[in-house]
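Atoms within a ligand are numbered from 1 in the order they appear, just like the ligands themselves.
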Amino acid sequence: MSKVFVCDHPLIQHKLTYIRDATTTTKDFRALVDEVATLMAYEITRNIQLERVEVKTPVSMADCRVISGRMLGLIPILRAGLGMVDGILKLIPAAKVGHVGLYRDPVTLQPVEYYVKLPTDVEERELIVIDPMLATGGSAIAAITALKNRNCSQIKLMCLIAAPEGIEAVQQAHPDVDIYVAAIDDYLNDHGYIVPGLGDAGDRLFGTK
Ligand code: PRP
Ligand code: URA
């Protein structure tokens with residue numbers, strides 16, 4: 001079974017409070033999501049592999065570490081996942097970015113795929129699927145399935161807020177995919193919204209309704 005990591009660093013929790021607040025403006029919401037994505041990227045890369053290098057300091061030779069030539073890929077789920085991309089790229093600027101376009105049918109709550117565009121070498125990369133919201137889990141499951149259908153095997157999922165139902169569904173469908181979240185909320189309401197959540201992530205990011 002996959003692991004679930006709750007990124008409970010005080011800076012993340014502080015910013016998440018203002019992300020949730022219904023009075024936060026679109027401009028501030030966007031900036032806060034970007035900042036939390038950077039902080040979560042710090043957590044998700046904690047176990048990234050290092051290799052030894054020698055450098056010459058002004059004083060002597062030093063035995064040092066650099067990140068080994070790992071190939072990373074970010075896979076935002078459109079639309080709302082886009083809001084987290086730049087924040088992660090600040091820490092991992094060499095990552096390539098693929099896009100999976102999905103929307104949730106408002107009646108059935110089932111994900112509908114409308115776009116997939118991935119780096120050519122995607123199957124060789126360690127991938128982080130990004131979406132602020134993990135509600136029923138349908139969108140994340142469909143995005144991860146789309147990647148596995150294209151021979152990708154090293155996949156993590158990063159979300160801001162998850163419902164317990166969504167975590168369980170992803171773990172059932174993809175037990176090899178570890179999940180990183182900033183918070184696990186209480187439950188899903190009758191419309192499939194996370195309670196207390198933050199509302200509609202895409203609408204709040206882009207100012208739509
Ligand atoms: C939201 C959110 C996730 C999905 C989560 O996207 O960004 O992708 O819902 O719900 P689920 O876990 O029940 O699938 P939405 O479908 O609203 O599309 P949008 O980002 O284009 O607004
Ligand atoms: N999608 C959202 O944007 N918010 C939710 O609470 C659930 C799904």
Side-chain angles (χ1 to χ4, degrees), residues 2 4 6 15-26 28-34 36-37 40 73-88 97-118 127-149 155-175 177-209:
S2 66
V4 180
V6 180
K15 292 174 191 298
L16 186 61
T17 299
Y18 294 98
I19 287 173
R20 290 184 188 277
D21 188 334
T23 67
T24 297
T25 63
T26 299
D28 289 344
F29 185 92
R30 207 177 278 150
L32 287 160
V33 168
D34 179 80
V36 170
M40 288 187 74
L74 308 182
I75 312 292
I77 301 179
L78 307 181
R79 291 176 301 164
L82 289 176
M84 298 171 72
V85 172
D86 286 349
I88 301 172
V97 181
H99 298 86
V100 176
L102 295 168
Y103 71 87
R104 203 170 68 147
D105 183 284
V107 178
T108 66
L109 301 184
Q110 292 304 305
V112 181
E113 183 182 300
Y114 59 88
Y115 187 73
V116 179
K117 186 78 175 173
L118 301 170
L127 303 177
I128 307 174
V129 173
I130 316 162
D131 195 324
M133 308 307 279
L134 180 61
T136 65
S139 302
I141 290 169
I144 294 165
T145 301
L147 295 173
K148 288 186 174 175
N149 287 344
I155 304 171
K156 291 176 178 158
L157 174 63
M158 186 199 280
C159 305
L160 294 188
I161 300 179
E165 297 91 327
I167 290 177
E168 195 183 330
V170 172
Q171 286 187 312
Q172 290 293 332
H174 297 296
V177 174
D178 288 341
I179 304 170
Y180 292 75
V181 298
I184 301 175
D185 276 9
D186 298 340
Y187 63 95
L188 292 177
N189 69 16
D190 293 343
H191 304 288
Y193 275 84
I194 300 174
V195 181
L198 54 73
D200 188 299
D203 285 347
R204 294 199 62 193
L205 264 174
F206 298 111
T208 50
K209 200 69 193 109

For G138, the ligand 1 atoms with a heavy-atom partner under 4.0 Å come out as 12 (O), 14 (O)
Closest to atom 4 (N) of ligand 2 among protein heavy atoms sits G199 O, 2.8 Å
Quick note on ligand 2: atoms under 4.0 Å from a heavy atom of G192 include exactly 7 (C)
message: Let's go through L198 and F29 carefully: what are the C-alpha distance in whole Å and the side-chain angles of both, what is the deciding distance for side-chain contact (heavy atoms from CB on, under 4.5 Å) to 0.1 Å, and is it a yes or a no?
response: CA-CA 10 Å; L198 54 73; F29 185 92; 4.1 Å; yes
of all protein heavy atoms, closest to atom 3 (C) of ligand 1 is D131 OD2, 3.0 Å
- Query: Does ligand 2 have an atom under 4.0 Å from some heavy atom of G197?
  - Reply: no
Could you walk me through whether V33 and R204 pass the side-chain contact (heavy atoms from CB on, under 4.5 Å) check? CA-CA 10 Å; V33 168; R204 294 199 62 193; over 6 Å; no
If you compare R204, R79, R104 by their heavy atoms, the one closest to atom 19 (P) of ligand 1 turns out to be R79
Hey, can you pull the donor-acceptor pairs under 3.5 Å for the side chains in residues 76-84, sequence neighbours left out?
residue: R79; atom: NH1; partner: T208; partner atom: OG1; Å: 3.1
residue: R79; atom: NH2; partner: D203; partner atom: OD1; Å: 3.2

Going by the 4.0 angstrom heavy-atom rule, the piece of T136 near ligand 1 is both
Heavy-atom proximity to atom 17 (O) of ligand 1, picking from I141, L102, D200, L188, points to D200
shortest atom 5 (C) of ligand 2-to-protein heavy-atom contact is with Y193 CD2, 3.4 Å
Under 4.0 Å between heavy atoms, the region of A201 that gets near ligand 1 turns out to be neither
Among G101, S139, G81, G83, the residue with a heavy atom nearest to atom 4 (C) of ligand 1 is S139
**Asked** Below 4.0 Å from any atom of ligand 2, is there a heavy atom belonging to R204?
**Response** no
For R104, the ligand 2 atoms with a heavy-atom partner under 4.0 Å come out as 7 (C), 8 (C)
Review point. Would atom 1 (C) of ligand 1 count as contacted, meaning some protein heavy atom under 4.0 Å?
Key: no
For G137, the atoms of ligand 1 under 4.0 Å from one of its heavy atoms are 11 (P), 12 (O), 13 (O)
Counting from 1 in the order shown, the ligand 1 atoms closer than 4.0 Å to a non-hydrogen atom of A80 are 7 (O), 20 (O)
| said: Can you confirm whether some protein heavy atom lies under 4.0 Å from atom 6 (O) of ligand 1, or whether none does? | reply: no
Contact check: I194 vs ligand 2, nitrogen or oxygen atoms, below 3.5 angstrom | yes
Within the 4.0 Å heavy-atom cut-off, what A201 brings close to ligand 2 is both
One finds that the ligand 1 atoms under 4.0 Å from a non-hydrogen atom of Y103 are 16 (O)
